[in-house]
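Data block below; observations after.
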Amino acid sequence: MTENVRIFIVEDERRIARFLQMELEHEGFITSTEANGRRAYERILQEQFDLVLLDLMLPDMDGLEICKSVRKLSDVPIIMLTAKDDIEDKVNGLDIGANDYLTKPFAIQELLARIRSVLRNHRPESDTPEGEILVVKDLVMYPARYEVKVNDEHVDLTKKEYMLLEYLLRNKRTVLTRDQILQKVWGYDYVGDTNVVDVYIRYLRAKIDEHFGQKYIYTLRGVGYAIKD
Ligand code: CA
């Protein structure tokens, strides 16, 4: 049952992450690792993992926060790994939707047994396919149904605004020039003013950054725009 099963190891201690990766791959699992909490959250939603091993204390976003946020959008199995034998963490972990938890240090055989048990019991919600999801901070785009939400609140965008936002999201953390944006969103044959890009960036900022009071779209003066966390 380990064939093609993808496990995401979220752990900021490199030594532990490497150990887990080695042991799990030895068992035939496919693994990916991530040390940063914020990035881990985004990757859990964007990449199709079969199970997540989630450390509790992480930089930028802790395991409880990640689990809580992921559960609003996905039922991917999560096993929390807590560093201390803290009963409150255990209760919290299960309260916020983790499938299981394990206290460090643990025997690898114990972890493997928990992983198999969680995988066995997990029934994917095949009747509600969300399809692909693009995420940056609290903003989520569902390309399959042309929908954008921030903090679970629907954002009403025009077609061009949506296309511009999707282009930025698909190139997250990359600065895109006005020319690149113009060609991608307005097309090669567009003959109007290049200021149209700045105008639409303003529209997006009004509906997203300003409306929700959080910065998403960054300007690199003289170069272009980027969306990032
Ligand atoms: Ca940690």
Side-chain angles (χ1 to χ4, degrees), residues 2 4-122 124 133-140 151-152 169 172-173 214-216 227-229:
T2 58
N4 294 325
V5 173
R6 298 187 63 214
I7 297 185
F8 191 33
I9 302 162
V10 182
E11 170 63 76
D12 59 331
E13 258 178 84
R14 258 181 76 188
R15 193 177 48 83
I16 299 177
R18 269 225 297 272
F19 167 73
L20 289 174
Q21 185 161 37
M22 231 174 54
E23 293 288 343
L24 292 176
E25 290 192 348
H26 180 73
E27 292 296 314
F29 293 108
I30 299 162
T31 64
S32 298
T33 61
E34 176 60 61
N36 179 275
R38 175 65 63 182
R39 298 229 172 132
Y41 162 66
E42 294 180 4
R43 290 185 62 189
I44 291 169
L45 294 177
Q46 288 179 192
E47 300 176 36
Q48 305 291 311
F49 297 110
D50 296 296
L51 186 140
V52 179
L53 294 181
L54 186 57
D55 182 29
L56 185 63
M57 302 303 286
L58 294 162
D60 285 355
M61 190 172 181
D62 72 38
L64 291 178
E65 194 61 42
I66 292 172
C67 191
K68 213 163 56 186
S69 303
V70 165
R71 271 298 168 263
K72 291 180 191 161
L73 300 163
S74 161
D75 70 338
V76 63
I78 296 174
I79 298 179
M80 301 275 301
L81 305 176
T82 66
K84 49 190 189 301
D85 191 4
D86 189 333
I87 189 72
E88 244 173 276
D89 286 342
K90 290 180 182 179
V91 173
N92 270 336
L94 295 180
D95 270 0
I96 61 173
N99 300 67
D100 205 349
Y101 61 86
L102 210 53
T103 304
K104 293 191 245 181
F106 48 78
I108 192 70
Q109 290 311 324
E110 177 65 18
L111 177 64
L112 291 171
R114 301 287 185 98
I115 287 174
R116 291 196 179 97
S117 157
V118 166
L119 286 174
R120 230 180 357 251
N121 293 325
H122 178 65
I133 296 178
L134 302 171
V135 188
V136 61
K137 283 191 274 209
D138 297 320
L139 185 152
V140 185
N151 290 329
D152 222 26
L169 281 170
K172 198 167 58 182
R173 291 186 276 270
Q214 196 172 17
K215 195 165 173 59
Y216 286 92
I227 201 161
K228 57 183 179 173
D229 35 37

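Counting starts at 1 for both ligands and their atoms, following the listed order. The figures that follow rest on heavy atoms only: side chains count, while hydrogens, waters and symmetry mates do not.
When atom types are taken as modelled, the side chain of S74 and the backbone of V70 share no donor-acceptor pair closer than 3.5 angstrom. The main-chain N or O of I9 is never found under 3.5 Å from a side-chain atom of Q21 such that the two would form a donor-acceptor pair. R38 contributes no side-chain N or O that, together with a main-chain N or O of D60, makes up a donor-acceptor pair within less than 3.5 Å.
Below the 3.0 Å limit, the Ca ion (ligand 1) has as protein N, O or S neighbours D12 OD1, D55 OD2, M57 O.
Take E34 and apply the salt bridge (Lys or Arg N to Asp or Glu O under 4.0 Å) test, not counting sequence neighbours, and it matches R43.
Heavy atoms of other residues, nucleotides or ligands lying less than 6.0 angstrom from NZ of K215 number more than 12.
Remark: K104 engages D55 in a salt bridge, criterion side-chain N to carboxylate O under 4.0 Å.
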